[in-house]
Number of protein chains: 2
Amino acid sequence: MSQLTRRQQEIYAYLRDHADDFDHPPTHDELCRALGLASRGSLHKHVQALISAGLVEPMARGQRGIRLAASPVEPEAGIPFLGRIAAGRPIEAVPQPEYMQVPDELLGSKPCYVLQVCGDSMIEDGILDGDRVVIEQCDRADNGDIVVALVDGEAATLKRIEQTPGQVILHPANASMTAQRYLPDQVQIQGVLKGLLRKYP
Amino acid sequence: MSQLTRRQQEIYAYLRDHADDFDHPPTHDELCRALGLASRGSLHKHVQALISAGLVEPMARGQRGIRLAASPVEPEAGIPFLGRIAAGRPIEAVPQPEYMQVPDELLGSKPCYVLQVCGDSMIEDGILDGDRVVIEQCDRADNGDIVVALVDGEAATLKRIEQTPGQVILHPANASMTAQRYLPDQVQIQGVLKGLLRKYP
DNA sequence: ACACAAAGAGAACCAAGGGAGAACATAGCA
DNA sequence: TGCTATGTTCTCCCTTGGTTCTCTTTGTGT
């Protein structure tokens, strides 16, 4: 898991320990006063770091107040197995996530989850039907990364990404399929591939 | 590695014994104060010596705080990583096995070990150069299993096996290679493939 | 006495952490 | 429609911490 800086740890500890002192989730201003900060902007930077570490709930549109993430990541619990991903269908979620033990080396610095691959669209990159992939939550990627991308808000797919100013191309690794081109607005990156696990019978 | 000087041993002992006193890894300045030093530069020299002795984690880019090198995973907690296997060469053993954390699901019922694959001979089965494979120790296999086979007592290779009464065929999964045929006596099975781990950068 | 290694002080440099504050965006409200 | 509270983004700046020097002191072996 990513290393929090000292200040970030202090702020998280404060939120955790004083959650009950507030009858509503504290705003940036209130937190600033409590922590002795004079600038909302400074606090905001730290809160963003806590969000990307998965310790604080991301701000929903129009949401007020900073609240802790419902289920802080338990190191001992492992990585959540969320469901299956097939090219072009929404992620098929398992009703209640199981937690898997995954080698640390396969994890990124941000929170991660595991999906099971369904289909052969990445077979030429050695990703087979039934493999489990470790995905690091992330909303941007470098060209050439393999990503979980949500297209038009509903169809999730695992593909190699190529981003140009005008369009986003999702490349399968399967000669019988063709690359898909979209407008940047249509494609939302949900994570990048960090590791792969395969079980042989 | 070179012998530690007396002061270096003292500093290492201090780090080891007081690791729990700090909620963050101590900085050079903090350590200086704790050790009665007035200069970061002096301490830095000692810490560098400890790093090159492998007792302290090397500083990653931008990392802050001095932390002890992670103690290797205890044998009972992981699977030994024994070395690299390339088609047709003996297994290249690492001098001293590291132990890796491997998901239980990838293990068999018998003792297992991990090898790193070297080469593309199984690429069409989705086993790429650099992948790590989990091998269950075993001296026999079913036809179609992928096995670690020792040929003529020296050349180890990872291939799909086909056993007939008169001969043993080792099939690569690479169109540019051909299957190898041997007498049953020439081939000794050293384990069967149970799992695969791949790390993406 | 001399050479040498270990150890420390301190200065200088650079990158990352952290904070201040302005400016902007958006929601809720009078 | 403005006003206020709040979240967001930005730039500027200072501080902190790791690194690299040089110089000095001290202890030890020949």
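Both backbone and side-chain heavy atoms feed into the values below; hydrogens, waters and symmetry mates do not. Residue numbers start from 1 in every chain, and the chains themselves are labelled A, B, ... in the order their sequence lines are given, proteins ahead of strands.
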K.L.:
In whole angstroms, how far is the P atom of C:dA7 from the NE2 atom of B:H28?
P.N.:
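In whole Å, C:dA7 P and B:H28 NE2 are 16 Å from each other.
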K.L.:
Taking the side chain of A:R64 as its heavy atoms from C-beta onward, which of D:dT8, C:dG10, D:dT6 lies nearest to it?
P.N.:
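Side chain of A:R64 sits closest to D:dT6.
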K.L.:
Name the residue closer to the 5' end of DNA chain D, choosing between A:G65 and B:D29 according to the nucleotide with the nearest heavy atom.
P.N.:
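Result of the comparison: A:G65.
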K.L.:
Does the distance from a Lys or Arg side-chain N to an Asp or Glu carboxylate O, for B:E10 and B:R7, drop under 4.0 Å?
P.N.:
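Yes, this pair counts.
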K.L.:
Let's see if you can work this out: which of D:dT19, D:dT6, D:dG17 has an atom nearest to the side-chain heavy atoms of B:M59?
P.N.:
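So the nucleotide nearest the side chain must be D:dT19.
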K.L.:
From C-beta outward on A:T27, which listed nucleotide comes closest to its side chain: D:dT19, D:dG7, C:dA9?
P.N.:
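Between D:dT19, D:dG7, C:dA9, the one nearest the side chain of A:T27 would be D:dG7.
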K.L.:
Is there a donor and acceptor pair closer than 3.5 Å between the side chain of B:S39 and the base of C:dG8?
P.N.:
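Check fails, no donor-acceptor contact within cut-off.
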K.L.:
Consider side chain to side chain contact (heavy atoms under 4.5 Å, CB included). Of A:V147, A:D145, A:D125, which one does A:R160 pass it with?
P.N.:
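That would be A:D125; it is the only one of A:V147, A:D145, A:D125 passing the side chain to side chain contact (heavy atoms under 4.5 Å, CB included) with A:R160.
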K.L.:
If you take atom types as modelled and just measure distance, does the side chain of A:T5 reach the base of C:dG17 with a donor-acceptor pair under 3.5 Å?
P.N.:
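Looking at the base of C:dG17, it does not pair with any donor or acceptor on the side chain of A:T5 (distance under 3.5 Å).
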K.L.:
Counting distance alone, no hydrogens or angles: does the base of C:dG18 have a donor or acceptor under 3.5 Å from a partner atom on the side chain of A:R7?
P.N.:
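Such a pair does not exist between side chain and base.
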K.L.:
Taking the side chain of A:Q8 as heavy atoms from C-beta outward, which of C:dA7, D:dT8, C:dG18 is closest to it?
P.N.:
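Nearest to the side-chain atoms of A:Q8, counting from C-beta on, is C:dG18.
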K.L.:
Below 3.5 Å, does any donor atom in the side chain of B:R6 face an acceptor in the base of C:dA6, or the other way round?
P.N.:
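Absent.
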K.L.:
Could you tell me whether a side-chain N or O of A:Q101 sits under 3.5 Å from a main-chain N or O of A:I79, the two making a donor and an acceptor?
P.N.:
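No.
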K.L.:
Is the backbone of B:Y14 close enough, under 3.5 Å, to the side chain of B:H18 for a donor and an acceptor to pair up by distance?
P.N.:
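Judged by distance alone, yes, a pair lies under 3.5 Å.
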K.L.:
What is the distance from NZ of A:K45 to P of C:dG19, rounded to the nearest Å?
P.N.:
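Distance check: A:K45 NZ to C:dG19 P gives 8 Å.
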K.L.:
Tell me the interatomic distance from B:Q9, atom CD, to C:dA7, atom C1', rounded to whole angstroms.
P.N.:
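So the two atoms are 15 Å apart, to the nearest Å.
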K.L.:
Is a side-chain donor or acceptor of A:R67 paired with a backbone partner of A:P58 at a separation under 3.5 angstrom?
P.N.:
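Here the side-chain-to-backbone pair does not exist.
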K.L.:
Could you say whether A:H46 or A:R40 is positioned toward the 5' end of DNA chain C, judged by the nucleotide with the nearest heavy atom to each?
P.N.:
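Taking each residue's closest nucleotide, the earlier one in sequence belongs to A:H46.
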K.L.:
Between the base of C:dA9 and the side chain of B:S42, is there a donor and acceptor pair under 3.5 angstrom?
P.N.:
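In this structure, the two groups form a donor-acceptor pair.
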K.L.:
Taking any heavy-atom pair under 4.0 Å as a contact, classify B:H44: base, sugar-phosphate, or nothing.
P.N.:
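Counting heavy atoms under 4.0 Å across all strands, the contact made by B:H44 includes a base.
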